[in-house]
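Keep in mind that the numbers below use all heavy atoms, side chains included, and drop hydrogens, waters and symmetry copies. By convention in this document, chain letters (A, B, ...) are assigned in the order of the sequence lines, proteins followed by strands, and residues within each chain are numbered from 1. A quick note: this is a predicted structure, and the numbers were derived from the prediction, not measured.
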2 protein chains.
Amino acid sequence: MALDDRKKKILQAVIEDYINTAEPVGSRSISKRSELNLSAATIRNEMGDLEEMGLLVQPHTSAGRVPSAQGYRLYVNDMMMKYEITANEMESMRLAMQNKINELDKIICDIASAFAKLTNLPVIGALPTAESGVVSNIKLVKCDEMTIMVIISDRSGIIKNKVLRLDYSISDEELLRLNNILNENLTGLTKNEIGFGNIMEVQNALGGNGDVFHSVLELVHSAVSEIDTKQIFVEGLSNIFRFPEYSDVDKIKVIFNALENKENLGKIVGTMQNLNSVKVLIGDEIPVEELKENSVILAPYRVSSTLTGIIGIIGPARMDYSKVISILEYFSGQMSTELAHNFGKELLITEGEENNG
Amino acid sequence: MALDDRKKKILQAVIEDYINTAEPVGSRSISKRSELNLSAATIRNEMGDLEEMGLLVQPHTSAGRVPSAQGYRLYVNDMMMKYEITANEMESMRLAMQNKINELDKIICDIASAFAKLTNLPVIGALPTAESGVVSNIKLVKCDEMTIMVIISDRSGIIKNKVLRLDYSISDEELLRLNNILNENLTGLTKNEIGFGNIMEVQNALGGNGDVFHSVLELVHSAVSEIDTKQIFVEGLSNIFRFPEYSDVDKIKVIFNALENKENLGKIVGTMQNLNSVKVLIGDEIPVEELKENSVILAPYRVSSTLTGIIGIIGPARMDYSKVISILEYFSGQMSTELAHNFGKELLITEGEENNG
DNA sequence: GTTAGCACTCACTCGTGTTGAGTGCTAATC
DNA sequence: GATTAGCACTCAACACGAGTGAGTGCTAAC
């Protein structure tokens with residue numbers, strides 16, 4: 001059966017109606033609302049065809065029609081009207097980006113929060129990570145007599161640090177020596193290349209008193225291994241309470257449990273291979289069993305040439321794809337220029353925080 | 001009316017029954033279950049008295065009785081049996097404390113998570129903060145030509161750091177000078193004493209090119225102001241799905257929204273004045289309107305002589321006070337010795353993390 | 001003071017009837 | 001041949017009422 005123009009228009013009308021109302025759409029309401037000027041009976045025949053084609057579904061015999069995942073997919077790919085972002089929406093995104101605190105992770109979280117407000121959907125994403133992960137510099141700094149901080153920079157500018165309180169005092173000379181040996185052995189290597197083997201090498205290079213530095217080396221190792229680990233975040237999770245599809249405790253429970261699991265989030269964010277365009281996952285396309293009744297929309301963002309992250313939303317398959325995609329596209333496009341413009345090179349990033357007793 | 005021994009026993013039986021079943025408790029079940037050997041009619045009379053005294057409440061005329069907040073309070077203060085922690089429970093707490101990663105914040109979160117599992121309740125708390133907050137040392141470290149890290153230590157050992165990427169290169173001499181001036185002006189002051197006034201003083205002391213360092217100084221200021229800010233956490237929030245009192249989406253919504261708000265959590269944690277013993281908040285005693293149907297149990301923990309934190313649980317007023325209090329007391333008592341024992345002075349604390357593009 | 005007995009209350013459950021939005025099919029109309 | 005009006009049919013949702021059972025309070029007997 002061919003999907004002619006009239007069928008397309010009816011499908012579109014059904015989907016848009018359903019997105020707004022969350023109620024199965026009947027032939028009469030389409031007949032009245034649309035500019036097709038067809039009777040309900042005709043619409044009914046066409047809807048029957050659309051169902052046969054797998055684009056619509058009937059929850060039960062005497063109910064209206066609901067779009068199938070396939071229907072949504074067709075809508076997203078071919079039929080959707082472009083949503084024009086309003087001045088208000090632009091303004092709130094601009095405000096979020098213009099955060100005066102100037103810390104990248106916080107800006108991202110603020111933007112995510114603004115997203116959640118604009119779209120009324122939970123926002124998920126990954127903080128910016130470097131593509132390379134090549135260690136460019138290791139620095140050991142003495143905070144006080146028995147406390148040292150390890151600072152590791154990678155070539156893209158990511159900096160990680162960890163604090164260690166020792167039970168012995170380390171001399172400036174020893175620290176300098178350790179510093180040099182670490183840099184000699186580890187600089188230029190990627191995270192994957194640095195394993196316990198290298199750490200042992202350093203320990204051997206240190207000679208007799210290598211043991212003493214064991215805890216320092218362990219620390220360096222753990223800091224290195226975290227350098228390009230994706231940090232995943234969720235914002236505005238409570239937005240799911242807005243949707244009638246989650247008016248049931250059991251369903252809320254399922255989605256909360258699913259989204260509480262970082263592994264699941266990693267799987268979802270991990271579907272983003274091509275870091276150039278917005279990606280829409282509908283139903284079965286979501287790699288987490290419990291979330292297959294939802295849709296996910298992901299967008300990449302680029303803070304610098306080497307520093308990229310992912311942001312997106314998750315919600316019921318019935319969602320305002322057009323609006324969400326536009327907002328994500330806008331963000332994806334504006335991110336680098338906007339941030340570069342606002343912060344220039346004075347881009348201050350994340351705060352670290354150490355308690356130490 | 002006097003609360004004689006028999007009334008006490010009946011009240012206790014009602015409360016314990018209700019804690020287990022979440023169903024209003026009838027006279028007949030008390031008559032059968034308890035060792036009082038009284039008929040249902042007698043129990044009925046006594047329960048009527050207990051209701052008159054405000055210790056029990058009847059949801060509706062023909063229902064059994066439910067403890068009132070006042071009833072719970074009496075139970076907690078006077079009547080509760082001490083719960084003996086099982087070997088299993090001790091073991092899981094010990095395991096959480098023996099975390100090999102050796103980072104204090106992570107250990108606290110792990111313990112919180114273990115708590116959540118043991119008690120089947122959401123856990124809230126504050127990460128350790130220092131009581132003094134006196135700045136003992138400020139250090140500016142050059143990560144690369146245009147990136148510096150500010151490291152601020154306080155007298156109790158808390159270390160905070162922030163990273164700044166400059167749009168100009170700073171010389172080692174300038175950095176040293178800035179370092180010295182900062183330490184001269186700010187060391188020994190508490191967080192409250194350091195305001196923008198001091199920062200301006202430093203800027204003046206720097207002379208003509210003070211402007212150039214403005215962003216560095218802003219950064220120092222923000223790091224200082226965070227040095228004794230309480231970081232509040234929630235673990236195992238999804239435990240509330242277990243309770244029949246939250247089988248309704250609206251109620252879940254309310255508690256989620258209330259607990260999502262850090263300000264509310266701050267208020268709750270802030271009720272903990274005396275840092276020596278477990279505190280129980282029942283019903284109206286909770287300083288957040290939306291949570292007044294719940295109970296909160298808080299305990300202090302002490303990592304070192306100056307470093308203290310708070311951990312606790314929140315849940316429906318119907319909860320196993322005895323068990324929760326025991327577990328929190330155990331934790332509160334074991335924390336310092338256990339941590340001191342396991343980590344000695346090699347107590348490594350929190351990791352920081354900076355991206356920087 | 002305690003208890004047995006009884007009338008009463010009230011949430012809850014379950015079956016039934018009604019309603020209304022929706023369908024599919026058929027026959028008439030354009 | 002496409003469109004539409006009409007009609008019988010379906011089925012979730014809602015309201016209503018009877019029945020059930022766990023509970024109560026009160027009273028009179030023990």
>> Applying side chain to side chain donor-acceptor pair (under 3.5 Å), can you list everything that pairs with A/Glu245, at least two apart in sequence or on another chain?
In response: A/Arg318
> Parallel, tilted or perpendicular for A/Phe115 and A/Phe331, by the 30°/60° rule?
Replying inline: perpendicular
> Can you name the salt bridge (charged side-chain N to carboxylate O under 4.0 Å, His left out) partners of B/Glu263, sequence neighbours left out?
Replying inline: none
>> What is the distance, to the nearest angstrom, from the CD atom on A/Gln58 to the P atom on D/dT10?
In response: 14 Å
>> According to salt bridge (charged side-chain N to carboxylate O under 4.0 Å, His left out), who are the partners of A/Glu23, at least two apart in sequence or on a separate chain?
In response: none
> How many Å lie between CD on B/Glu51 and P on D/dG25, as a whole number?
Replying inline: 7 Å
> Quick one: A/Ile30 CD1 to C/dT23 P, roughly how many Å, whole number?
Replying inline: 10 Å
> Distance check: side-chain N/O of B/Arg28 vs OP1/OP2 of D/dG21, anything under 4.0 Å?
Replying inline: no
> Among all residues two or more places apart in sequence or in another chain, which pass the ring pair (Phe, Tyr, Trp, His ring centres under 6.0 Å) test with A/Tyr321?
Replying inline: A/Tyr72
> Can you give one letter per nucleotide of nucleotides 3-16 of chain C, 5' to 3': B if a protein heavy atom sits under 4.0 Å from the base, S if only from the sugar-phosphate, - if neither?
Replying inline: BBB---BBS-----
> Which parts of residues 16-27 of chain A get close to DNA chain D, meaning a heavy atom less than 4.0 angstrom away?
Replying inline: none
>> Just the rounded figure in Å: distance from P of D/dA2 to CG of A/Asp49.
In response: 11 Å
> Rounded to the Å, how far apart are A/Met47 CE and D/dT3 P?
Replying inline: 16 Å
> What pairs with A/Lys9 under salt bridge (charged side-chain N to carboxylate O under 4.0 Å, His left out), at least two apart in sequence or on another chain?
Replying inline: A/Asp5
>> Nearest 0.5 Å, please: how far is CE in A/Met319 from CD1 in A/Ile282?
In response: 8.5 Å
> Tell me the salt bridge (Lys or Arg N to Asp or Glu O under 4.0 Å) pairs involving residues 36-47 of chain A, sequence neighbours left out?
Replying inline: A/Arg6-A/Glu46, A/Lys7-A/Glu46
>> If the cut-off is 4.0 Å, is A/Arg65 near the phosphate of C/dG24, judged by side-chain N/O to OP1 or OP2?
In response: yes
> Can you check the B/Glu46 CD to D/dG23 P distance for me, whole Å?
Replying inline: 18 Å
> Taking only residues two or more places apart in sequence or in another chain, which ones pass salt bridge (charged side-chain N to carboxylate O under 4.0 Å, His left out) with A/Glu16?
Replying inline: none
